[in-house]
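To keep things clear, I will list the structure first and then write my remarks on it.
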Amino acid sequence: MPELPEVENARQVLALAVGREIASIDDRDEWLCRPHRAGDIATALKGGRLTATHRRGKTMWCDTETSDGDEGPALGVHLGMGGRIVVTDPDGDRIGGGTKRPDRRPRKAEWDRFTIDFTDGGQFRLFDKRRLGRIRLDPDLSDLGPDAENMKPAEFRDRISRGRSAVKARLLDQSVLAGVGNLLADQTLWQARIDPSARANELTRTELDRLHRNLNRALADAVENGGVHTGNFIEHRHTGGHCPRCGTEVERGKVGGRTTWWCPKEQHA
DNA sequence: AACAATGTTCAGTC
DNA sequence: GGACTGAACATTGT
């Protein structure tokens, strides 16, 4: 689930945990809480509270303050491939996240990989089946490019075309710009009618601007419709799928290390 | 059983 | 040294 639109949604849920006093923390999963040892995060934050939430691309972090009111370490939260944020009220009911429908999918307790208990009885949980999410103190953001949303056209052109690799690989590179994932990249390239394998530095200015406009459009659509999976190309992204514009059967390959689908008729150099 | 999965990182190569 | 590529990572679902 998590690309920029999903993560922004998760951040808004996380914001509902701000200001609540931390009673205890379960950080026993040393894989997720790397590179800390179990208890490190609990010790650092117990008695304190989250004071603000931030997001850049797919990375979130919270400012914290200690029980003395001093500034505490930032709490980094990354959803990985399939993590979700859960925040509950004192009754244990989930809050935030738009849809109030209780999820009926089976959920195992051990899939809650990190938990904060607040003194009011509510919780913050990182739910992550695949265990590729990350919780860390003072996360290093220095390798993250600017957030993919609201980039200036010139900045987008410069950063994307700076490298010689496939344009899709540039879109996925979080140090070039932060927030685009595999689905959003395929959706954007299809909308822009650009071959995912095209060398980034060989794109014309017109193509780069078209790519940028369509990234913004795909982003806005995903935010409005509730996720990158709602993109109108994504549903055709499977064997036997057809381009919703021209009807050509979509092709599948590997670009930028990820499975890639595109319309071979409309997306080529 | 084998493979893919909406992500990141590390080792290896040019 | 930088840029780039592919495998590895842990786990689940098909």
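Below, each value reflects all heavy atoms present in this structure, side chains not excepted, and no hydrogens, waters or symmetry copies. Just so you know, these numbers come straight off a predicted model, no measurement behind them. Chain naming here is simple, since letters A, B, ... match the order of the sequence lines and numbering starts at 1 in each.
- Residues A:C243 and A:K265 form no side-chain contact, since every pair of their non-hydrogen atoms from C-beta on lies 4.5 Å or further apart.
- An OP1 or OP2 oxygen of B:dT8 is reached within less than 4.0 angstrom by a side-chain nitrogen or oxygen of A:H78.
- The distance between atom CE of A:M81 and atom P of C:dT11, rounded to the nearest whole Å, is 14 Å.
- The partner of C:dA10 is absent, by the rule that a Watson-Crick or G-U pair needs both atom distances under 3.5 Å.
- The CZ-C1' distance, from A:R131 to C:dG13, rounds to 18 Å in whole Å.
- Among the protein residues, A:G181 comes within range of the sugar-phosphate backbone only, with heavy atoms under 4.0 Å from sugar or phosphate atoms but none that close to a base.
- Remark: P of C:dA10 and CG of A:L126 are 17 Å apart, rounded to the nearest angstrom.
- Nearest to the side-chain atoms of A:T259 among the listed nucleotides C:dC9, C:dA3, B:dA5 stands B:dA5.
- At the phosphate of B:dT6, neither OP1 nor OP2 sits under 4.0 Å from any side-chain N or O atom of A:K58.
- Closest approach of A:G247 to A:H242, counting heavy atoms only: O-ND1, 2.9 Å.
- The separation between A:L215 atom CG and B:dT6 atom P is 18 Å, rounded to whole Å.
- As the counterpart of B:dG12, C:dC4 is assigned, both hydrogen-bonding distances of the Watson-Crick or G-U wobble pattern falling under 3.5 Å.
- Spacing between C:dA10 and B:dA11 at atom P, rounded to whole Å, works out to 14 Å.
- Residue A:W111 places at least one side-chain N or O under 4.0 Å from the OP1 or OP2 atom of C:dT12.
- Taking the C1' atom of each, C:dA7 and B:dC3 are spaced 15 Å apart, rounded to whole Å.
- Look at CD on A:E235: it is 16 Å from C1' on B:dT6, rounded to the nearest Å.
- Using a 4.0 Å cut-off between charged nitrogen and carboxylate oxygen, A:D186 and A:R258 do not count as a salt-bridge pair.
- Judged by distance alone, the side chain of A:Q123 and the main-chain N or O of A:T88 form no donor-acceptor pair under 3.5 Å.
- Counting to the nearest Å, the C1' atom of B:dT9 and the CZ atom of A:R258 are 13 Å from each other.
- At least one cation-pi condition fails for A:R84 and A:W111: the charged atom is not both under 6.0 angstrom from the six-membered ring centre and inside a 45 degree cone around its axis.
- Of the N and O atoms on the side chains of A:N232 and A:Q187, at least one donor lies less than 3.5 Å from an acceptor on the other residue.
- At the heavy-atom level, A:R170 lies under 4.0 Å from the strands shown only through sugar-phosphate atoms.
- When each of A:R252 and A:L172 is assigned the nucleotide of DNA chain B with its nearest heavy atom, A:R252 is the one assigned upstream, toward the 5' end.
- Within the 4.0 Å cut-off from OP1 or OP2 of C:dG13, at least one side-chain nitrogen or oxygen of A:K129 is found.
- A donor-acceptor contact under 3.5 angstrom links the side-chain atoms of A:R130 to the base of B:dA5.
- Rounded to whole angstrom, the span from the CH2 atom of A:W261 across to the P atom of B:dA5 amounts to 8 Å.
- Atom CZ in A:R134 sits about 16 Å away from atom C1' in B:dT6, given to the nearest Å.
- For A:Q174, the listed nucleotide lying nearest its side chain is B:dT8; candidates were C:dC4, B:dT8, B:dG7.
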